[in-house]
Amino acid sequence: ISSNSILKAITSGMIATMPLTLGTFLIAIIVSLPIEGWQLWINETGIINDMQAVAGGTTEILSIFLVICISYQYAKIKDLNGLSASVMSLGFFLILIPQKIIGTDGTTINAFSKDYIGSMGIFVSLLTAILVSVLYSWLTKKGLVIKLPDSVPTYVSEAFSPAFISIIIFSLAFVIRVLFRLTTYDNIFNFTQEIITAPIMG
């Protein structure tokens, strides 16, 4: 089991995100100290917002880091371009996320909700990273890449190489998004939350 490429990528990808937790735990503890004077001071000065922003920019958007790290690790295991795999996986993941937020007054804001890039989106991020990475690996081995002359700089050829593959991958993301929007779940995040996450938590 430990030699399975997918499990190795998930394991190493998750471990790669540990600096987020280890690097922010001190501030997370300090901001939660149950000392009335301390809590009053950080609220009055507004520093609590800055302290909460540390978690807001790291552990509270863990799904984004996971999709990048896992896809990168899988690509490296398969001796492929880890950066290309990460970029395509992140793009795929962001396409699936609802990009409009309806306010309490009914107004619509063009934005990504943190609900979907935090703990609620972890399962989708795992699926996305593996799906995109496996598809990228398979299509690359099938020869669906653009080969440029040797005179072209490496970083340029590596960027153009998976052009056809990225068209297929992002088209698939579009189809998945549309299909889930036509269901009662509206998006894949609500689907996984109700069908998978909720029963497990129960």
Side-chain angles (χ1 to χ4, degrees), residues 6 9-29 31-32 48-76 82-104 107-136 166 169-201:
I6 292 177
I10 292 175
T11 303
S12 55
M14 285 186 163
I15 291 175
T17 63
M18 284 187 66
L20 297 176
T21 306
L22 298 175
T24 59
F25 85 95
L26 181 61
I27 294 178
I29 292 174
V31 75
S32 302
I48 188 172
N49 296 323
D50 301 307
M51 300 177 85
Q52 290 174 341
V54 174
T58 53
T59 54
E60 289 183 6
I61 56 171
L62 187 60
S63 295
I64 288 181
F65 293 101
L66 281 175
V67 76
I68 293 172
C69 293
I70 293 172
S71 55
Y72 180 88
Q73 294 294 346
Y74 186 88
K76 284 303 181 183
L83 184 58
S84 293
S86 297
V87 169
M88 286 188 286
S89 294
L90 178 59
F92 193 104
F93 181 67
L94 293 177
I95 288 173
L96 297 179
I97 299 175
Q99 298 173 21
K100 291 185 183 296
I101 300 174
I102 300 176
T104 53
T107 57
T108 301
I109 304 171
N110 293 320
F112 291 98
S113 172
K114 286 180 69 175
D115 292 340
Y116 301 111
I117 55 180
S119 57
M120 185 177 176
I122 286 179
F123 191 79
V124 178
S125 72
L126 295 179
L127 292 178
T128 297
I130 296 304
L131 173 63
V132 174
S133 300
V134 169
L135 193 57
Y136 171 48
S166 64
I169 287 174
F170 291 133
S171 297
L172 176 61
F174 167 75
V175 171
I176 292 175
R177 180 185 172 92
V178 171
L179 290 177
F180 273 100
R181 186 177 56 78
L182 296 176
T183 67
T184 55
Y185 298 103
D186 190 55
N187 60 70
I188 191 174
F189 297 90
N190 292 335
F191 172 79
T192 56
Q193 184 73 13
E194 289 190 34
I195 302 301
I196 300 172
T197 308
I200 291 175
M201 293 298 291

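Reckoned from all heavy atoms, side chains included, excluding hydrogens, waters and symmetry mates.
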Check your understanding: Is there a side-chain contact between P98 and S113, using heavy atoms and a 4.5 Å cut-off?
Key -> no
Review point. To the nearest 0.5 Å, how far apart are CD in Q52 and CG in N49?
Key: 6.0 Å
Check your understanding: Hey, does R181 have a side-chain heavy atom less than 4.5 Å from the side chain of N187?
Key -> no
Point to revise | ring pair (Phe, Tyr, Trp, His ring centres under 6.0 Å) partners of F93, counting only residues at least two apart | key: F189
Check your understanding: Would you say T128's side chain and S125's backbone share a donor-acceptor pair under 3.5 angstrom?
Key -> no
Point to revise | Min side-chain heavy-atom separation F92-L172 under 4.5 Å | key: yes
Review point. If you round to the nearest 0.5 Å, how far is CG of D186 from CZ of F191?
Key: 13.5 Å
Point to revise | Contact check, side chains of V132 and S71, non-hydrogen atoms, under 4.5 Å | key: no
Check your understanding: Are the side chain of T108 and the backbone N or O of I102 linked by a donor-acceptor pair below 3.5 Å?
Key -> no
Point to revise | Nearest-0.5 Å distance, CG of residue L94 to CD1 of residue I64 | key: 6.0 Å
Point to revise | Identified side chain to side chain contact (heavy atoms under 4.5 Å, CB included) partner of L179 from the options I176, V175, T183 | key: V175
Check your understanding: Would you call L66 and M14 a side-chain contact if the rule is heavy atoms closer than 4.5 Å?
Key -> yes
Review point. What residues form a salt bridge (Lys or Arg N to Asp or Glu O under 4.0 Å) with K114, not counting sequence neighbours?
Key: E60
Check your understanding: How about F65 and L20: do any of their side-chain heavy atoms sit closer than 4.5 Å?
Key -> yes
Practice item. Using a 4.5 Å cut-off on heavy atoms from C-beta on, say whether the side chain of T21 contacts that of T17. Key: no
Review point. With distance as the sole test, does S133 use its side chain to make a donor-acceptor pair with the main-chain N or O of I130 at under 3.5 Å?
Key: no
**Study point:** Between CD1 on residue I6 and CD1 on residue I70, distance to nearest 0.5 Å
**Key:** 11.0 Å
Review point. Around atom CG of L182, are there more than 12 heavy atoms of other residues, nucleotides or ligands at under 6.0 Å?
Key: yes
Exercise for review: Specify the closest pair of heavy atoms between G13 and C69, including all atoms of both residues, with the distance to one decimal.
Suggested key: O-CB, 3.5 Å
Revision key, fill the gap. Separation between CD1 (I122) and CG (L62), nearest 0.5 Å, reads 4.5 Å
Point to revise | Heavy-atom closest pair, residues R177 and I95 | key: NH1-O, 2.7 Å
Practice item. Could you pull out the closest heavy-atom pair between D115 and M120, with the gap in Å? Key: O-CB, 3.0 Å
Review point. Do any pairs count as a salt bridge (Lys or Arg N to Asp or Glu O under 4.0 Å) and have a residue in residues 187-197, sequence neighbours left out, and if so which ones?
Key: none
Check your understanding: What is the minimum heavy-atom distance between A9 and S12, and which atoms define it?
Key -> O-OG, 3.3 Å
Practice item. Could you tell me which non-hydrogen atom of S86 sits nearest to which non-hydrogen atom of Y72, and how far apart they are? Key: OG-CB, 3.2 Å
Point to revise | K100 vs I109 side-chain heavy atoms within contact, under 4.5 Å | key: no
Practice item. Heavy atoms only: give me the nearest V31-A28 pair and the separation to one decimal. Key: CG1-O, 3.2 Å
Revision key, fill the gap. Separation between CD1 (I196) and CZ (F123), nearest 0.5 Å, reads 3.5 Å
